[in-house]
Number of protein chains: 2
Amino acid sequence: MNFDIRMAHLFSSLDDNQVRQVMESSHISTFQDGESLFETGDEANRFFLVIGGQVKLFRVSSNGDQKIIDIIQPGNTFAEALMFMEHPIYPVCAEALGPAKIISFDCKRFLQILSQSFSVCFRIMGTMSQRLRGLIKEIDDLTLQSATTRMCAMLLRRMEEIGKSHFTLPAAKGVLAARLSMKPETFSRILQNLSSKNILNTKGNEIQVIDTELLRSLAHLESVLGLEPEVHCTLSGAKSLHSD
Amino acid sequence: MNFDIRMAHLFSSLDDNQVRQVMESSHISTFQDGESLFETGDEANRFFLVIGGQVKLFRVSSNGDQKIIDIIQPGNTFAEALMFMEHPIYPVCAEALGPAKIISFDCKRFLQILSQSFSVCFRIMGTMSQRLRGLIKEIDDLTLQSATTRMCAMLLRRMEEIGKSHFTLPAAKGVLAARLSMKPETFSRILQNLSSKNILNTKGNEIQVIDTELLRSLAHLESVLGLEPEVHCTLSGAKSLHSD
DNA sequence: TTTGGGCCTTGATTTTCATCAAATGGCGAA
DNA sequence: TTCGCCATTTGATGAAAATCAAGGCCCAAA
């Protein structure tokens with residue numbers, strides 16, 4: 001059960017003594033699939049570190065749709081930014097995606113430690129700064145890009161993460177669809193479409209990328225645009241299935 | 001020319017001596033309408049405080065469209081979060097919206113000051129935390145909401161900011177459209193539509209809100225839903241113009 | 001083995017918004 | 001004043017993705 005929290009970026013510059021202090025106010029818990037950690041609007045007096053499984057952060061619209069903001073992987077913290085607000089309120093819901101093991105920390109306690117160490121402060125600011133950047137990227141993905149583009153970018157990211165052209169999708173298709181802000185039907189159709197263009201093969205949750213270059217050019221239209229004039233931009237709707 | 005930078009939240013807890021240090025590395029500049037402060041990808045070694053006019057932060061898509069991430073008002077800082085990254089690169093473009101007066105600060109220098117004062121650190125973290133929150137809100141606006149919803153939310157925000165039901169739009173319509181991630185044509189049509197429903201009157205950039213409740217219910221569908229069964233959700237396309 | 005229930009796929013249709021193209025209107029400069 | 005330029009409006013059309021509605025698939029429990 002001894003997990004060194006210094007594996008997480010956020011804690012990486014704590015000394016042994018500080019780690020001990022932080023751990024004093026921590027709880028380890030396990031969550032079932034779908035179990036809630038907190039909801040939008042709850043008072044935020046703890047933050048979290050995922051040490052096993054996954055946690056999805058999402059918001060719910062009035063009609064019940066979920067928009068998944070992020071899927072937190074083991075070794076990562078979340079909700080730590082709220083610590084610095086006057087009236088900390090979680091802006092999202094969090095729930096376990098599959099069984100998950102999570103450590104939670106008391107915000108006040110952690111702030112005390114922060115006020116002893118500039119290097120930890122700076123590290124936190126670095127983390128927050130990266131998140132900001134990520135969200136900005138996300139916003140322009142959402143507005144500037146089509147569903148197909150988002151799909152391709154996600155596949156590429158995953159592919160480069162794994163390092164092989166054959167890989168497994170990191171979550172159920174429905175979940176990924178929500179992450180990419182599209183309906184499961186659309187997700188399915190786009191995958192189907194990419195497959196019919198011989199850009200990739202798919203079997204269940206397994207993906208085999210065939211034409212990486214084309215995938216890349218679809219992911220960020222700016223770069224290779226024009227390499228494949230037949231296909232470049234207009235690959236998208238189900239209607240173009242028979243177009244070549 | 002003596003502007004107390006402590007008016008900005010970020011600097012508010014600096015003492016006189018620290019202010020002096022910060023100012024040593026600062027430059028005041030004026031910018032013409034449309035003049036660029038920096039571009040996406042530029043090395044980020046300065047951050048900024050707007051003391052007059054407005055600055056728009058935006059990203060550009062491959063086809064030349066602009067997505068406006070934020071419009072910075074006087075008294076506010078921006079790009080300060082980049083300071084904490086290893087290879088600081090501006091993730092957005094910034095340009096003056098109308099003539100603007102801006103102070104820029106050297107990041108390195110400010111970091112030195114930071115490492116003297118926890119309260120300034122905490123304040124920055126607070127600022128960043130708020131921005132994070134804002135961006136998350138933005139993401140769900142973009143994904144969960146329709147163009148009409150975004151428009152209504154913007155109008156309401158503006159109305160409550162001014163405190164009167166009669167107000168002027170805070171920028172040119174085209175700019176606002178980009179801010180709300182829609183085309184000027186769409187912006188125009190939605191406004192026209194709201195007007196035809198007697199929710200508001202519009203003349204140039206002047207808006208007179210008539211039915212605040214209805215506007216509110218359109219802005220966040222969850223609340224008053226059902227108050228006006230005829231209209232509640234389906235007010236949107238230009239086609240429904242003649243629907244009642 | 002059969003059954004049932006998620007999840008995913010597929011097809012048909014509709015909605016929303018972008019795009020294209022053409023007025024309209026205001027406003028400053030000549 | 002008139003001209004020309006720009007932002008905005010308006011109309012017609014198209015494309016992307018949501019929605020609605022079945023159907024298929026896989027797996028786990030009976």
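Here is how names work: the chains are called A, B, and so on, in the same order as the sequence lines, proteins then strands, and each is numbered from 1. If you're wondering where the values come from, they're calculated on a predicted model, not measured in any experiment.
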Query raised in the report: Could you give the CD-to-P distance, from A:Glu206 to D:dC26, as a whole number of Å?
Result: 14 Å
Query raised in the report: Looking at D:dA17, C:dC17, D:dT10, which one has an atom nearest to any side-chain atom of B:Ser188?
Result: D:dT10
Query raised in the report: Rounded to whole angstroms, how far apart are CG on B:Leu176 and C1' on D:dT8?
Result: 13 Å
Query - Pairs satisfying salt bridge (Lys or Arg N to Asp or Glu O under 4.0 Å), at least one member in residues 142-154 of chain A, at least two apart - result: none
Requested in this report: Under the side chain to side chain donor-acceptor pair (under 3.5 Å) rule, collect the residues that match up with B:Gln66, sequence neighbours excluded.
Outcome: B:Lys56
Query raised in the report: Given atom NZ of B:Lys203 and atom P of D:dT9, what is their separation to the nearest angstrom?
Result: 14 Å
What are the atom names and distances for every N/O pair under 3.5 Å that joins the protein to nucleotides 18-20 of chain D?
| unit_1 | atom_1 | unit_2 | atom_2 | d |
| --- | --- | --- | --- | --- |
| D:dA18 | OP2 | A:Lys183 | N | 3.4 |
| D:dA18 | OP2 | A:Thr186 | OG1 | 2.4 |
| D:dT19 | OP2 | A:Lys183 | NZ | 3.4 |
| D:dT19 | O4 | A:Arg189 | NH2 | 2.8 |
| D:dC20 | N4 | A:Glu185 | OE2 | 3.3 |

Requested in this report: Scan B:Phe105, B:Phe48, B:Tyr90, B:Phe47 and name whichever one has a ring-ring contact (aromatic ring centres under 6.0 Å, His included) with B:Phe78.
Outcome: B:Phe48
Query raised in the report: Rounded to the nearest Å, what distance is computed from the CG atom of residue A:Asp33 to the C1' atom of nucleotide C:dG6?
Result: 12 Å
**Report entry** Rounded distance (Å) that lies between atom C1' of C:dG6 and atom CG of A:Asn205
**Finding:** 14 Å
**Report entry** All salt bridge (charged side-chain N to carboxylate O under 4.0 Å, His left out) counterparts of B:Arg158, not counting sequence neighbours
**Finding:** B:Glu161
Query raised in the report: For A:Asp65, what residues pass the salt bridge (charged side-chain N to carboxylate O under 4.0 Å, His left out) criterion, not counting sequence neighbours?
Result: A:Lys183
Query raised in the report: How bent is the helix from C:dC8-D:dG23 to C:dA30-D:dT1, comparing axes over its five end pairs at each side, to the nearest 10°?
Result: 30°
Query raised in the report: Nearest-Å distance, CG (B:Leu142) to P (D:dA17)?
Result: 15 Å
Query raised in the report: Is there a side-chain polar atom (N or O) of B:Gln192 under 4.0 Å from OP1 or OP2 of D:dT9?
Result: no
Requested in this report: List in chain and number order the residues that pass side chain to side chain donor-acceptor pair (under 3.5 Å) with A:Thr40, two or more places apart in sequence or in another chain; answer none if no residue qualifies.
Outcome: none
Requested in this report: May I ask you to check whether over 12 heavy atoms, not counting those of B:Gln208, lie within 6.0 Å of atom CD?
Outcome: yes
Report summary line: By side chain to side chain donor-acceptor pair (under 3.5 Å), B:Gln130 pairs with (sequence neighbours left out) none
Which atom pairs, donor and acceptor, lie under 3.5 Å between side-chain atoms of residues 167-175 of chain A and protein residues at least two apart or in another chain?
| unit_1 | atom_1 | unit_2 | atom_2 | d |
| --- | --- | --- | --- | --- |
| A:Thr168 | OG1 | A:Glu206 | OE2 | 3.1 |
| A:Lys173 | NZ | A:Gly204 | O | 3.1 |

Query raised in the report: Nearest-Å distance, CG (A:Leu169) to P (C:dC7)?
Result: 16 Å
N/O to N/O distances under 3.5 Å, protein versus nucleotides 27-29 of chain C:
none

Requested in this report: Identify, with sequence neighbours excluded, every residue that meets side chain to side chain donor-acceptor pair (under 3.5 Å) alongside B:Arg179.
Outcome: B:Glu138
Return all side-chain donor-acceptor pairs below 3.5 angstrom for residues 68-76 of chain A, not counting sequence neighbours, or 'none' if the list is empty.
| unit_1 | atom_1 | unit_2 | atom_2 | d |
| --- | --- | --- | --- | --- |
| A:Gln73 | OE1 | A:Gln54 | NE2 | 3.2 |
| A:Asn76 | ND2 | A:Gln73 | O | 3.2 |

Query raised in the report: How close or far is atom P of D:dC26 from atom NZ of A:Lys173, stated in whole angstroms?
Result: 11 Å
